[in-house]
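These numbers come from a predicted model, not from an experiment. Heavy atoms only: backbone and side chains are in, while hydrogens, waters and symmetry mates are out.
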Amino acid sequence: MSTSRPGMTRIVAGESQTPKRRRALEVALAVGLVLLISVGAVVASAVARDSNASAAPDAAGTPAAELKLGYFGNITHAPALVGVQKGFIAKELGDTKLSTQVFNAGPAAIEALNAGAIDATYIGPNPAINSFVKSKGESVSVIAGAASGGAQLVVKPEIKSAADLKGKTLASPQLGGTQDVALRAWLGKQGYKTTPDGGGDVAINPTENAQTLKLFQDGKLDGAWVPEPWASRLVLQAGAKVLVDEKDLWDGSLSGKPGEFPTTILIVNKKFAAEHPRTVEALLKGHVQAVKWLNDAPSAEKAAVVNAALKQDAGKALAQNVLDRSLKNIVFTVDPLAGTYKKLLQDGVDAGTTKQADLNGLFDLRALNSVATEKITAAGLGQD
């Protein structure tokens with residue numbers, strides 16, 4: 001873990017945040033604290049009954065003291081970048097402190113969310129589905145969409161079709177992530193077999209995006225299924241060509257919006273949402289404003305703000321041609337496109353990265369629909 005500025009931390013997948021001995025000490029202290037709190041609670045309860053003291057206000061109605069928000073330094077997470085950079089989210093949170101953490105892949109963000117290191121995060125749909133399935137519906141709720149589109153399979157120019165991929169090596173951002181699942185599912189439909197450990201007819205190496213660019217430039221990768229801005233960087237800076245634009249695989253029959261598929265969504269820890277619904281509503285108000293700004297702002301202003309945020313959170317601004325191409329490939333929307341999730345789950349099952357499950361309860365769009373200008377549906381998979 002490396003601190004980039006006050007209130008913001010960058011986390012890389014696979015990094016350990018706390019030494020084992022320190023974790024053991026913290027667990028021991030936590031257990032002791034829980035016991036003390038339990039004893040205190042019993043005493044306090046008895047005193048309250050004896051004195052007929054009035055009950056304290058319902059904790060569920062109080063804003064949180066702090067909201068810890070995660071997102072990625074990618075253009076597909078522009079609603080988060082803009083929401084933080086322009087202060088939309090912090091303003092709506094009011095007295096609730098906003099802290100942010102920047103991740104490089106979905107599974108790492110989910111691990112942090114489930115561990116309580118963050119309370120909400122922008123993320124791809126498949127890691128959210130995996131968490132929901134593994135926890136039997138107890139871990140997370142999808143509360144809004146953020147971005148659609150902006151994911152492509154880009155390859156060496158000599159690769160003309162899927163038939164040329166046998167024996168080749170491709171990359172995805174991380175095993176079980178949204179682009180990883182999309183790649184494995186698509187290859188399966190082309191008749192290829194893949195395995196999570198990189199075996200099969202086509203080798204898939206989960207690789208951090210910046211490394212993917214370098215490996216492709218060095219001739220050590222034949223292609224990659226990646227989100228923006230990495231697809232554009234591979235095309236414009238490394239000579240790759242687009243073999244598959246994922247938007248062409250979605251005909252709109254599941255969502256009513258041809259060419260749209262969820263790339264980035266906003267999820268929240270269920271326990272946090274139950275305890276602080278007003279904080280979640282405030283987060284969504286800021287999120288809705290950020291999406292609206294992205295859709296209404298002049299192109300030059302939008303590019304400048306997004307690039308400034310990328311430089312701050314990812315460490316480097318993008319070349320103008322990369323930024324322009326990336327933004328053209330993305331639709332910013334608060335609709336999570338819930339109708340697509342059964343297919344996303346099935347793709348994960350087919351890819352071997354998740355198990356078949358009931359997704360009912362995955363969505364809680366009530367707060368979103370209280371602040372959004374259009375009615376967003378949960379497609380029968382939760383509350384709206």
Side-chain angles (χ1 to χ4, degrees), residues 11 13-18 23 27 30 34 59-60 64 66-72 77 80 99-146 173-178 180-181 262-281 283-284 287 336-338 340-349 351-368 378-384:
I11 292 182
E15 284 190 351
S16 174
Q17 296 184 41
T18 309
R23 284 181 178 171
V27 169
V34 168
E66 180 181 14
L67 172 70
K68 294 168 287 188
L69 179 67
Y71 58 93
F72 303 177
H77 287 235
S99 297
T100 61
Q101 290 184 6
V102 178
F103 296 86
N104 71 348
I110 285 292
E111 181 181 349
L113 188 73
N114 290 339
I118 57 175
D119 306 308
T121 189
Y122 290 80
I123 199 169
N126 283 94
I129 290 172
N130 291 345
S131 178
F132 184 85
V133 170
K134 290 178 180 178
S135 70
K136 298 181 180 180
E138 296 299 319
S139 60
V140 302
S141 292
V142 177
I143 58 173
Q174 191 172 11
L175 178 65
T178 299
D180 181 73
V181 170
T263 305
T264 307
I265 58 176
L266 179 56
I267 66 174
V268 67
N269 179 289
K270 275 193 170 182
K271 183 175 183 294
F272 181 87
E275 293 175 348
H276 306 291
R278 282 198 276 170
T279 301
V280 173
E281 183 177 323
L283 168 63
L284 284 167
H287 171 65
L337 304 170
T340 65
Y341 280 69
K342 288 183 179 179
K343 180 181 184 304
L344 292 170
L345 172 64
Q346 188 59 52
D347 286 347
V349 172
T353 60
T354 193
K355 297 180 180 179
Q356 193 61 258
D358 183 2
L359 294 182
N360 186 42
L362 175 60
F363 294 88
D364 188 345
L365 305 179
R366 292 173 295 175
L368 175 64
L381 299 178
Q383 302 182 80
D384 54 19

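- The shortest heavy-atom contact between Val268 and Ala273 is CG1-CB, 3.8 Å.
- At least one side-chain heavy atom of Val133 sits under 4.5 Å from a side-chain heavy atom of Leu359.
- In this structure, the side chains of Pro336 and Leu365 come closer than 4.5 Å at one or more pairs of heavy atoms.
- Across Ala378 and Gln383, no two heavy atoms sit closer than the pair CB-O, 4.1 Å.
- Between Leu67 and Phe272, the closest side-chain pair of non-hydrogen atoms falls below 4.5 Å.
- Here the CG-OG distance, from Asn269 to Ser139, works out to 8.0 Å after rounding to the nearest 0.5 Å.
- With sequence neighbours excluded, no residue forms a salt bridge (charged side-chain N to carboxylate O under 4.0 Å, His left out) with Lys355.
- Looking at residues two or more places apart in sequence or on another chain, you find a side chain to side chain donor-acceptor pair (under 3.5 Å) between Asp364 and Arg366.
- The shortest side-chain heavy-atom distance between Asp119 and Leu283 does not fall under the 4.5 Å cut-off.
- The closest side-chain heavy-atom distance from Glu281 to Leu284 is not below 4.5 Å.
- Pairing each heavy atom of Gly106 with each of Phe72, the nearest pair is N-CZ, 3.3 Å.
- Two residues are said to be in side-chain contact when any heavy atoms from C-beta on lie closer than 4.5 Å; Phe363 and Asp384 fail this criterion.
- Taken to the nearest 0.5 Å, the CG atom of Asp358 stands 13.0 Å off from the NZ atom of Lys136.
- Judged purely by atom type and a 3.5 angstrom limit, Thr279 uses its side chain to pair as donor or acceptor with the backbone of Ala64.
- Here the CG atom belonging to Leu113 is positioned 7.5 Å from the CD1 atom belonging to Ile123, to the nearest 0.5 angstrom.
- A donor-acceptor distance shorter than 3.5 angstrom exists from the side chain of Asn126 to the backbone of Leu344, with no hydrogens or angles considered.
- The distance from the CZ atom of Phe132 to the CG atom of Leu362 is 5.0 Å, given to the nearest 0.5 Å.
- Across all their heavy atoms, Gly382 and Asn360 have their closest contact at N-OD1, 3.7 Å.
- Minimum interatomic distance between Val140 and Ser131 (heavy atoms only, all atoms of both residues): CG1-OG, 4.0 Å.
- Between the side chain of Lys134 and the backbone N or O of Thr354, no donor-acceptor pair lies under 3.5 Å.
- Under the 4.5 Å side-chain criterion, counting only non-hydrogen atoms from C-beta, Thr121 is not in contact with Gln101.
- Scanning both residues, Ile267 and Ala128, for their nearest heavy atoms gives CG2-CB, 4.0 Å.
- Checked options Leu381, Ile129, Ile265; the residue passing with Val142 is Ile265 (criterion: side chain to side chain contact (heavy atoms under 4.5 Å, CB included)).
- Heavy atoms of other residues, nucleotides or ligands lying less than 6.0 angstrom from NZ of Lys270 number more than 12.
- Side-chain N or O atoms of Asp347 include none that pairs as donor or acceptor with a backbone N or O of Val181 at under 3.5 Å.
- Between Thr340 and Pro262 there is a side-chain heavy-atom pair separated by less than 4.5 Å.
- Ring geometry for Tyr122 versus Tyr71: interplanar angle over 60°, hence perpendicular rather than tilted (30 to 60°).
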